[in-house]
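Have a look at the structure below before the remarks.
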Amino acid sequence: MSKISDVVKRARAAYNTGLTRPLQFRIQQLEALRRMIQERRSDITEALAADLHKNEWTAYYEEVIYVLEEIEYIIKKLPEWAKDEPVEKTPETQQDESYIHSEPLGVVLIIGTWNYPFNLTIQPMVGAIAAGNAVVLKPSELSENMANLLATILPQYLDKDLYPVINGGVPETTEVLKERFDHIFYTGSTGVGKIVMMAAAKHLTPVTLELGGKSPCYVDKDCNLDVACRRIAWGKFMNSGQTCVAPDYILCDASIQHQIVEKLKKSLKEFYGEDAKKSRDYGRIINARHFQRVMGLIEGQKVAHGGTGDMASRYIAPTILTDVDPQSQVMQEEIFGPVMPIVCVRSLEEAIQFINQREKPLALYVFSNNNNVIKKMISETSSGGVTANDVIVHITVHSLPFGGVGNSGMGAYHGKKSFETFSHSRSCLVRSLLNDDAHKARYPPSPAKRAGEEERKGKKKEDGDGASMEQKQPISMYLTGTQRMEKGKRPEFQGRGVPEESRDLLTLTHPYQNKNLTGASASTGGSSIWPTPESPGQVHPEHTVTVSTPAEPHHAFLLTTGEKAPKEEQLVLIHHQWSWSMNSIETQEEPGPGTAGKELGLRENSMNNLLQTAESEFLHDSASSMSTMLCSTIEHKFDMMLQSQVSQTGPNMEDQGPRVPALRNNLEPMEEEAEGEQK
């Protein structure tokens with residue numbers, strides 16, 4: 001058994017070389033697999049005929065064609081799927097590169113099954129190769145001819161170290177499950193699926209389990225029974241009933257049971273003639289053990305059609321059972337053979353209840369002309385997949401994941417889902433090493449302690465050099481923290497807190513004229529917003545900026561302009577400040593008992609500080625048309641505030657009114673002066 005361990009080790013060593021990483025290598029391997037199918041199609045057909053009595057047509061259209069279509073589809077879509085996928089950013093990561101990178105899992109084990117030994121072994125392998133994995137393949141020993149063929153021809157077309165085939169029965173499967181894999185994909189029975197999952201748990205290996213179950217088929221009275229029964233008969237009796245998504249039993253009203261039986265019999269005669277045993281289109285049971293198991297399910301039942309079998313050739317006639325007791329053995333396990341029980345129910349609701357009382361099936365089918373019946377069946381039950389007014393065909397659609405739920409399996413594949421199943425979605429964030437000052441808020445000591453130290457330093461410096469506003473020291477404006485900079489829209493703010501050290505690092509972009517507010521002090525509270533890809537030192541209009549300092553509400557959020565900032569840009573900052581001030585007032589909750597005076601006093605102080613700063617510092621010598629916008633904005637906002645707030649309990653704020661016209665009086669001469677300079 002050490003040979004199995006050596007095979008797995010060689011596969012991992014080959015994978016670790018990085019050979020499977022390039023997209024071109026994966027596509028080359030998929031193209032080689034496609035060439036193998038095309039060149040060895042006759043060998044594949046012969047193996048399927050020997051194992052399951054499939055003729056050339058059924059071998060191709062029930063197994064081979066779906067693998068070829070999957071290869072074609074994945075080769076076409078793989079470059080798109082393999083690209084890094086950008087994701088939505090948070091306010092703190094606007095300048096970072098955030099994306100999902102799909103990377104291969106590593107070495108995966110695929111354990112195939114015997115009922116469709118080519119399709120259900122090779123199709124999952126297509127997805128594993130596309131995702132960049134090494135694949136250890138373990139075909140089912142029950143379909144011996146196909147297992148031997150795959151072990152022979154795969155190494156002739158694919159890399160023999162990356163994609164080895166291990167053959168054998170239970171001992172070999174047990175041994176290979178002891179090895180460590182990065183993913184295990186198993187198709188088969190629920191019982192063996194549990195064994196596989198237990199083995200995987202020892203290494204914390206993720207699994208995909210494609211199992212089965214009893215897939216119900218509800219036939220409504222409002223239904224074209226001729227079409228419904230033809231489609232049901234096709235899906236049930238293809239491959240002699242050995243299909244994991246075949247309709248396992250029929251639920252119908254007793255009044256239409258006889259019609260369903262007769263129409264099923266009619267369809268069987270059309271498909272396979274008077275004697276299905278002589279038909280080259282009718283399959284055989286895989287082995288003697290399964291033959292005896294299926295024949296045992298028929299015993300004691302009311303047989304409306306068929307019920308016979310031949311042990312020597314492993315042939316069981318298409319069989320229909322009527323008035324089946326839900327407690328009988330045939331209703332306790334997946335039949336996986338050409339036996340169709342019919343269980344009578346009195347209503348759609350009873351059918352739904354019947355389904356929900358049992359394990360969740362791999363598939364569910366409903367036939368009705370009434371779309372409400374179909375929607376109700378889908379919305380009130382659970383299954384791996386659903387097809388309405390047909391059977392099985394949902395698994396042929398590349399864009400529909402195929403897989404079970406609950407007892408019928410876990411995980412899915414087909415199309416893009418195969419690529420995702422065998423890939424790890426890796427979360428990636430790439431950040432610059434520049435401007436670490438913007439992240440100081442997250443580092444110890446706490447912002448409160450830093451704020452106290454900075455305040456003491458500032459006071460000491462002011463006392464020492466006698467600096468004043470007239471000496472053109474940097475001017476402080478108070479804003480709150482998170483601002484969405486959208487062109488053409490008034491900026492709005494929400495609170496945050498960062499230390500004073502973040503000043504003079506960034507340039508904000510004016511949302512109306514796309515101008516720079518140079519020397520602005522701002523931070524994103526833990527992520528860099530400068531430089532940007534557009535221009536180092538400038539914040540893009542669509543980015544989110546946090547502007548704050550550790551002080552108290554209404555006096556807490558600091559934005560500083562340096563002496564080099566043009567007066568027109570300083571005015572824009574006043575405009576932003578006023579927008580914040582008024583927005584804060586407008587959204588302020590109703591004051592509680594005893595707090596109204598205090599809160600209105602804070603608002604009054606905020607507005608007083610703003611207007612005093614505007615008049616004393618900026619407006620006396622500005623020559624910008626921005627002054628008109630500033631004045632009109634303040635005037636409009638102030639009027640709105642007075643209307644909505646002055647009636648509240650607290651200090652009378654009406655005395656602020658004359659200050660707004662005063663602003664306009666101060667601004668008008670500057671506007672005339674600006675016009676003269678421009679001429």
Side-chain angles (χ1 to χ4, degrees), residues 51-52 62-63 66 110-121 123-124 138-143 173 184-198 207-218 232 234-251 283 285-287 289-291 293-294 296-297 316 329-341 343 354-365 381-387 391-396 400-414 417 421:
D51 288 329
L52 293 158
E62 290 180 5
E63 296 214 39
Y66 297 118
I110 295 178
I111 303 176
T113 189
W114 53 264
N115 58 326
Y116 290 86
F118 181 77
N119 178 281
L120 296 180
T121 304
Q123 190 160 346
K138 172 60 182 68
S140 173
E141 71 279 6
L142 299 184
S143 49
T173 304
I184 297 177
F185 188 103
Y186 168 76
T187 304
S189 69
T190 301
V192 177
K194 293 177 180 179
I195 296 173
V196 171
M197 194 169 183
M198 288 177 63
V207 297
T208 299
L209 302 178
E210 296 293 339
L211 308 178
K214 297 183 72 64
S215 299
C217 179
Y218 176 71
I232 293 170
W234 166 77
K236 175 64 178 182
F237 298 104
M238 67 184 295
N239 198 30
S240 196
Q242 299 167 117
T243 304
C244 57
V245 289
D248 191 88
Y249 61 94
I250 291 174
L251 293 172
I285 302 300
I286 186 66
N287 58 24
R289 181 173 66 87
H290 281 283
F291 174 88
R293 181 188 61 82
V294 175
L297 297 176
I316 297 177
Q329 185 59 37
V330 73
M331 292 300 297
Q332 304 308 309
E333 63 180 77
E334 184 178 7
I335 297 171
F336 226 65
V339 178
M340 175 64 86
V343 177
F354 186 93
I355 294 168
N356 289 338
Q357 288 173 345
R358 287 154 177 79
E359 296 287 357
K360 295 178 181 180
L362 184 57
L364 183 148
Y365 306 109
T381 61
S382 178
S383 63
V386 177
T387 294
V391 296
I392 297 178
V393 293
H394 65 284
I395 73 171
T396 67
L400 289 177
F402 170 52
V405 58
N407 215 51
S408 60
M410 62 181 67
Y413 71 120
H414 286 188
K417 193 62 180 180
T421 291

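Numbers here are sequence positions counted from 1.
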**Message:** Going by side-chain contact (heavy atoms from CB on, under 4.5 Å), name the residues that satisfy it together with Lys360, two or more places apart in sequence or in a different chain.
**Reply:** Ser382, Val405
**With Leu400 via side-chain contact (heavy atoms from CB on, under 4.5 Å) - residues at least two apart** = His394, Val397
**Message:** I'd like to know whether CE of Met197 has more than 12 heavy-atom contacts from other residues, nucleotides or ligands below 6.0 angstrom.
**Reply:** no
**Prompt:** Hey, does the side chain of Ser215 reach the backbone of Pro361 with a donor-acceptor pair shorter than 3.5 angstrom?
**Reply:** no
Give the minimum heavy-atom separation between [X] and [Y], together with the two atoms involved.
{"X": "Trp114", "Y": "Ser140", "answer": "CB-OG, 3.5 Å"}
{"X": "Thr208", "Y": "Ala412", "answer": "CG2-N, 4.1 Å"}
{"X": "Ser383", "Y": "Val386", "answer": "OG-CG2, 3.5 Å"}
{"X": "Ala246", "Y": "Gly235", "answer": "CB-O, 3.6 Å"}
{"X": "Pro338", "Y": "Val294", "answer": "CD-CG1, 4.4 Å"}
{"X": "Val207", "Y": "Met410", "answer": "CG2-SD, 3.9 Å"}

Rounded to the nearest 0.5 Å, how far does [atom2] of [Y] lie from [atom1] of [X]?
{"X": "Lys214", "Y": "Glu359", "atom1": "NZ", "atom2": "CD", "value": "12.5 Å"}
{"X": "Glu334", "Y": "Gln242", "atom1": "CD", "atom2": "CD", "value": "11.0 Å"}
{"X": "Asn115", "Y": "Ile285", "atom1": "CG", "atom2": "CD1", "value": "11.0 Å"}
{"X": "Glu333", "Y": "Gln329", "atom1": "CD", "atom2": "CD", "value": "5.0 Å"}
{"X": "Tyr249", "Y": "Met331", "atom1": "OH", "atom2": "CE", "value": "5.0 Å"}
{"X": "Ile355", "Y": "Leu251", "atom1": "CD1", "atom2": "CG", "value": "5.5 Å"}

Between side-chain atoms of residues 184-194 and protein atoms elsewhere (two or more places apart, or another chain), which donor-acceptor pairs fall under 3.5 Å?
| unit_1 | atom_1 | unit_2 | atom_2 | d |
| --- | --- | --- | --- | --- |
| Tyr186 | OH | Ser189 | N | 3.1 |
| Ser189 | OG | Val192 | N | 3.3 |
| Thr190 | OG1 | Asn407 | O | 3.3 |

**Item:** Met340 vs Ile232, side-chain contact (heavy atoms from CB on, under 4.5 Å): CA-CA, chis, key distance, verdict
**Value:** CA-CA 10 Å; Met340 175 64 86; Ile232 293 170; 3.7 Å; yes
**Message:** For Lys138, give me all partners under salt bridge (charged side-chain N to carboxylate O under 4.0 Å, His left out), at least two apart in sequence or on another chain.
**Reply:** Glu141
**Results of salt bridge (charged side-chain N to carboxylate O under 4.0 Å, His left out) for Asp51 - residues two or more places apart only** = none
Could you check whether any side-chain heavy atom of [X] comes within less than 4.5 Å of a side-chain heavy atom of [Y], counting everything from C-beta outward?
{"X": "Ile392", "Y": "Trp234", "result": "yes"}
{"X": "Cys244", "Y": "Phe336", "result": "yes"}
{"X": "Val245", "Y": "Tyr365", "result": "yes"}

**Asked** Can you list the steps and then say if Ser143 with Tyr116 is a side-chain hydrogen bond (donor to acceptor under 3.5 Å, both in side chains)?
**Response** CA-CA 9 Å; Ser143 49; Tyr116 290 86; over 6 Å; no
**Request:** Please lay out, stage by stage, how Leu362 and Phe402 fare under the test side-chain contact (heavy atoms from CB on, under 4.5 Å).
**Result:** CA-CA 9 Å; Leu362 184 57; Phe402 170 52; 4.1 Å; yes
**Prompt:** In this structure, which one of Ile335, Ile250, Leu297 forms a side-chain contact (heavy atoms from CB on, under 4.5 Å) with Pro341?
**Reply:** Ile335
**Request:** Using the test side chain to side chain donor-acceptor pair (under 3.5 Å), find all partners of Tyr413 that sit at least two apart in sequence or belong to another chain.
**Result:** none
